[in-house]
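As the structure lists them, so they are numbered: ligands from 1, and atoms in each ligand from 1.
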Amino acid sequence: MGEHKRIGILTSGGDCAGLNAVIRAVTHRAVGSYNWEVLGILRATYGLMHHPPQAMKLDREKVIRALTNAGTMLGTTNKGDPFAFPMPDGTVRDRSEEIIAGYHELGLDALIGIGGDGSLAILRKLAQQGNINFVGIPKTIDNDVGITEHSIGFDTAVNIATEALDRLHFTAASHDRVMILEVMGRDAGHIAISAGIAGGADIILIPEISYSIDNVCRKIKELQEQGQNFCIVVVSEAVCTEAGDKVECLVSFGERRYGGIGHYLAESISAASGAETRVTVLGHTQRGGTPSPLDRLIASAFGVAAVDLIANEEYDRMVTWQNRQVMSVPIAEAISQYQAVDPKGTLVKTARGLGICLGD
Ligand code: F6P
């Protein structure tokens, strides 16, 4: 059974469906199988920055409803790089040593961090600097973490986007409109291409493939000639304007996020083709909702595997899903291989094979 351990778990970066299912799996495996203690660290590294550190003891009772709830019961943040932390007085400070001190103050033997590539890179840097036994679990609706075929949250986001497309078909057909659905995904088009195929889109625009408004309008005309008086377009938020400019909007605290490409396309398509256009921006609904069965399954398998890595004292590794199995790789390897949509890959070939226009 090995020695008794006290492990910490935190969620970092944007939330997504399935995070609580991982927390549940880690708790079940660590407490139930190994009889270890599990501390849930609150609000990612912020919880460790506090003195005393902010954490709660996790047991089976605390995670009883965790499998089906979205969000994260521990809280999270996608701001405040601890190596360049923005202070209230406008200065930037390296607060990494405070976080490392928090880990040691809690008497942790190991830490599990659930994050996307940005969070995993930061957590790994902290682990190396502070002698932290760290194991990573990939999560992100963007599905852009290297090596692993699945990241927690992606499948649910694709389900939500697909359902939106199913709904848009009827209203588009009733009004003879071009309906544009703008989906998230940061710099990768995984949500757009997957939901676009599953949801029967006519046009899918992703950042990995350049497009022209002319090509998009040609497809709309072709559909009309075939007797289809409506058109469903899915666009990934990071698609640029035809001139190659990023489309962003200002959110709170002066930060910028992708957003607005759907409206740019609506105007451009309508001006070039005379079609009536409407836009739906799916936004953060893609991160909520009940986790899909696949996300619950992956979350459960990743949680168990992460605890087993700690039991075997295999640190600095990230659990992955490869060839129908849970495996693990060095974190550095995974985060050095950003995973965009392969323009020559199966999904792009499938879309082209179905006659879906990719804008090129
Ligand atoms: O990385 C997940 C994600 O939802 C992206 O798809 C999106 O671009 C971004 O986070 C939005 O960030 P925020 O929650 O800060 O608005």
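Near Asn78, the atoms of ligand 1 lying under 4.0 angstrom from a non-hydrogen atom of the residue are 12 (O), 13 (P), 14 (O), 15 (O).
Remark: minimum distance from atom 16 (O) of ligand 1 to any protein heavy atom is reached at His284 NE2, 3.0 Å. Looking at atom 12 (O) of ligand 1, its nearest protein heavy atom turns out to be Arg257 NE, 3.3 Å. The protein non-hydrogen atom at the shortest distance from atom 11 (C) of ligand 1 is Arg287 NH1, 3.8 Å. If you check which protein heavy atom lies closest to atom 9 (C) of ligand 1, you get Arg186 NH2, 3.7 Å. Of the protein's heavy atoms, Asp142 OD1, 2.7 Å lies nearest to atom 6 (O) of ligand 1.
Note on ligand 1: Gly116 sits outside its first shell, no heavy atom being nearer than 4.0 Å.
Evaluated by nearest non-hydrogen atom to atom 7 (C) of ligand 1, the leading choice among Gln286, Glu237, Glu255 is Glu237.
Annotation: cation-pi geometry not satisfied between Arg177 and Phe230 (NZ/CZ under 6.0 angstrom from ring centroid, within 45° of ring axis). At least one cation-pi condition fails for Lys5 and Tyr34: the charged atom is not both under 6.0 angstrom from the six-membered ring centre and inside a 45 degree cone around its axis.
A side-chain donor from one of Gln129 and Glu97 sits under 3.5 Å from a side-chain acceptor of the other.
Note that CD of Glu37 is 6.0 Å distant from CG of Leu39, once rounded to the nearest 0.5 Å. To the nearest 0.5 angstrom, Asn159 atom CG is 10.5 Å from Ser194 atom OG.
No N or O atom of Ile141 sits closer than 3.5 Å to an N or O atom of ligand 1.
Within a 6.0 Å radius of CZ in Arg43, no more than 12 heavy atoms belonging to other residues, nucleotides or ligands are found.
Looking at heavy atoms from C-beta onward, His4 lies out of side-chain contact with Asn35 at the 4.5 angstrom threshold.
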